[in-house]
Peer 1: 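Here's a structure for you.
Proteins get letters first, then strands, A, B, ... in listed order; numbering begins at 1 in each.
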Amino acid sequence: MSDNTAKANPPVTNPRLAKEEKLKALLSAGHTAYPHVFKRSHQAQELQNKYAELAPGAETEDKVAVAGRVMSSRNNGLFLDLQDASGKIQVFCHKDSMPADQLARLDFIDIGDIVGARGTIRRTPRGELSVRAVEIEILTKSLQPLPEKYHGLSDVEQRYRQRYVDLIMNEDSRNVLRIRSKIVQSIREYMNALGAIEVETPMLHGIMGGASAKPFITRHNALDADFFLRVAPELHLKRLIVGGLADVVYEIGRCFRNEGLSIKHNPEFTTIESYHAYKDYNDIMDLVEDLVRSIVLKIHGTDKVIYDGKEIDFGKAWPRRSMVDLVKDATGVDFMAIADANDAHAAARKLQIPVDPKAGWGKVVEAMFAEKVEHTLIQPIHVIDLPLEISPLAKTHRNNDRLVERFETYINGWEIANAFTELNDPKIQLARFEEQVSAREAGDEEAQMLDDDFVTALEFGLPPTAGWGMGIDRLTMILTDSKNIREVIAFPTLKPKKLA
RNA sequence: GACCGCGUAGCUCAGCCGGUAGAGCACAUCACUUUUAAUGAUGGGGUCGUGGGUUCGAAUCCCACCGCGGUCACCA
């Protein structure tokens, strides 16, 4: 208003308030802070590529229009660094190139604002490709101060809670999520090329099944019913094979497990699961190996990847070793020579590995594997022929009734994929479900529930089928050298901030 | 869930054997028209995570709580 009011107010020094003041000034000067559109001619990286050979000091008449966020400003706005989704380009705002009214707009522009600039391409004598601006325009006024330009945003909590700030500031964060997108896209392309069809099955399940896990429970009001958020899409996908929808179906989507968080576990995570009629687990081993190798090649251009300083070689043929053999290599104990659970427990005690006293032979073997073998499996390997006891949905091994035709693929000591020849005998499936129910009643919260309708589906007839699932988050971690699963998830689960 | 560590300005960090809070960036004003973390001068900005305790006095010591990270346990 009057000069008096202006003088009465102390100078605005809070960065946030200063931006509000500048917004007001911008509006009173007759500009808009949020115009509807700006016609760009190029992205920054396109120009960097197109003019890669332009010599320092060279001026062109080539007119371009660029837009992006102002990441830094030097010499009083003479040089602005614009960042767009492709990269960066400098905007050069010289008084000799800009009409006075355009030059005056610089007063309203802050670091963090999104601006558009029109002008000609040049390379400065110091070698920086620049747009010599004739016109400049605020496309979006930013009201929040950006983190410090040199160190950026490093506070882990804030990076995840305000991922948009992290993405503005950290190219590494942008790259990880971009690679994740490419991985998912590569999987789709691969599956579609097989003639598979992509499907979507329910996330709200009335019965928990498809994996051993603790579920989230939620409520549908109108139906007055509780639902489980799915722990796996498995049982629905097999129903689609029963229905003959396609010989190969796959789903890429979220699963939810109500368990602990860790650098390898987020409560919601993404898997691909796929089912293949008239195939067995041997076929799936070939498929998983070929698929993963092709993704690695597409992402990295080589079949070798460095994770945490270790080279992982996806190129060589992946070994196929039985779980019991691997345990034998690591411990000297041949569990196939051990007939019953008591002897298995005795062997575990001798190896000083704690095991749940209720565990049967199969769970003891699994515990030995988890303790002695798992972490050593850095290079890709298919661990095959797992105990039946821990595999209620897999078909009994054709040569050994204590085992199933199942494999887990390990890379970097982590289970990346899990697959089996599907159990399709409805009577055996019913019996396996009943064992799960008993385990549940005995206190095993992760045991599955009896899915009657799934048994009915099997009674209609599931063709010989093999299926598999793969954790996309973990694969992405390995391919982006990420040490924490939260890095590969745009918005990882965090405890909600309590309101004061 | 258990244990260990961390929480100071918008951001990155000092300060922590108790004596009433500092730097750089950012912000404001000024100077400067070929910079690259631009530069120089001046200035403003803090419930030191929250609550309680010990003390003449607490960012600093103690306790509880909240949030985050790491390790372990369960799990993909």
Side-chain angles (χ1 to χ4, degrees), chain A residues 9-22 56-57 71-81 88 90-98 103 106 110-112 122-130 132 142-162 165-166 168-169 211-215 231-232 255-273 354 356 366-367 370 374 408-410 414-418 444-446 469-475 477 483-486 492 494-500:
Chain A
N9 291 331
V12 175
T13 54
N14 175 300
R16 167 68 208 253
L17 293 181
K19 284 169 181 294
E20 296 278 4
E21 291 301 315
K22 213 166 272 192
M71 295 305 289
S72 67
S73 162
R74 292 176 295 279
N75 293 54
N76 230 356
L78 178 60
F79 301 97
L80 300 176
D81 283 345
K88 276 191 180 181
Q90 179 170 274
V91 176
F92 178 61
C93 300
H94 198 278
K95 60 183 177 186
D96 293 347
S97 315
M98 299 177 79
L103 205 58
L106 287 177
D110 289 315
I111 290 171
R122 67 187 292 253
R123 190 177 290 281
T124 65
R126 300 214 185 185
E128 190 71 38
L129 189 71
S130 306
R132 179 188 282 279
S142 168
L143 297 177
Q144 294 280 356
L146 284 183
E148 203 239 346
K149 64 187 167 192
Y150 186 61
H151 300 92
L153 179 65
S154 58
D155 181 80
V156 177
E157 181 176 0
Q158 197 179 343
R159 284 187 50 233
Y160 297 148
R161 286 199 195 274
Q162 293 186 284
V165 183
D166 178 42
I168 290 169
M169 299 306 296
S212 302
K214 292 178 200 154
V231 297
C255 295
F256 305 86
R257 297 195 184 172
N258 203 344
E259 292 158 4
L261 288 76
S262 83
I263 55 171
K264 287 195 294 177
H265 300 87
N266 196 63
E268 46 180 317
F269 59 101
T270 301
T271 63
I272 170 168
E273 277 201 22
D356 177 359
E366 183 191 32
E374 204 173 276
E408 292 180 330
T409 303
Y410 281 80
W414 303 341
E415 184 191 332
I416 293 295
N418 178 25
D444 183 352
E445 284 181 80
E446 296 183 359
M470 180 168 71
I472 288 176
D473 310 274
R474 286 188 184 175
L475 182 65
M477 287 173 73
K483 305 303 179 298
N484 192 315
I485 195 168
R486 290 173 160 178
L494 295 175
K495 198 157 184 168
K497 281 270 195 197
K498 287 205 172 150
L499 297 174

Peer 1: How far does the C1' atom of B:G19 sit from the matching atom of B:A59, given to the nearest Å?
Peer 2: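 My reading of the C1' atoms in B:G19 and B:A59 gives 13 Å.
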
Peer 1: On RNA chain B, check which nucleotide each of A:Lys214 and A:Arg74 is closest to and give me the residue with the more 5' one.
Peer 2: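 Checking each residue's closest nucleotide, the 5'-ward one belongs to A:Arg74.
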
Peer 1: Show each protein N/O and nucleotides 3-13 of chain B N/O combination with a separation under 3.5 Å, one pair to a line.
Peer 2:
| from | atom 1 | to | atom 2 | distance (Å) |
| --- | --- | --- | --- | --- |
| B:C11 | OP1 | A:Gln158 | OE1 | 3.3 |
| B:C11 | O2' | A:Glu148 | N | 3.1 |
| B:C11 | O2' | A:Gly152 | O | 2.9 |
| B:U12 | OP1 | A:Ser154 | N | 3.1 |
| B:U12 | OP1 | A:Asp155 | N | 2.8 |
| B:U12 | O3' | A:Ser154 | OG | 3.4 |

Peer 1: Can you check the distance between B:U47 and B:U8, where both ends of the measurement are the P atom (answer in whole Å)?
Peer 2: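 Comparing P positions in B:U47 and B:U8 gives a spacing of 12 Å.
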
Peer 1: Using the test side chain to side chain donor-acceptor pair (under 3.5 Å), find all partners of A:Arg161 that sit at least two apart in sequence or belong to another chain.
Peer 2: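 Checked A:Arg161 against side chain to side chain donor-acceptor pair (under 3.5 Å); matches are A:Glu157.
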
Peer 1: According to the Watson-Crick and G-U wobble definitions, with both distances under 3.5 Å, which nucleotide is paired to B:G57?
Peer 2: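 By the stated definition (distances under 3.5 Å), nothing pairs with B:G57.
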
Peer 1: Would you measure the distance from the P atom in B:G10 across to the matching atom in B:G45 and give it in whole Å?
Peer 2: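 Each nucleotide's P atom is 13 Å from the other's.
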
Peer 1: Taking OP1 and OP2 of B:C65, is either one under 4.0 Å from a side-chain nitrogen or oxygen of A:Lys495?
Peer 2: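 No.
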
Peer 1: Could you tell me how far B:A23 sits from B:C65 if I compare only their C1' atoms? Round to whole Å.
Peer 2: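 Their C1' atoms lie roughly 32 Å apart.
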
Peer 1: Just verifying a value: how many Å separate A:Arg132 CZ and A:Thr124 OG1, rounded to the nearest 0.5 Å?
Peer 2: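 Interatomic distance, A:Arg132 CZ to A:Thr124 OG1, rounded to 0.5 Å: 10.5 Å.
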
Peer 1: Once rounded to the nearest 0.5 Å, what's the spacing between atom NZ of A:Lys88 and atom CG of A:Leu129?
Peer 2: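 Taking NZ in A:Lys88 and CG in A:Leu129, the distance rounds to 14.5 Å.
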
Peer 1: Say you pick atom P in B:C11 and the same atom in B:G46; how far apart are they, in whole Å?
Peer 2: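 Approximately 14 Å lies between the P atom of B:C11 and that of B:G46.
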
Peer 1: Could you tell me whether A:Glu446 contacts a base, only the sugar-phosphate backbone, or nothing, with contacts defined as non-hydrogen atoms closer than 4.0 Å?
Peer 2: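 It contacts sugar-phosphate atoms only.
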
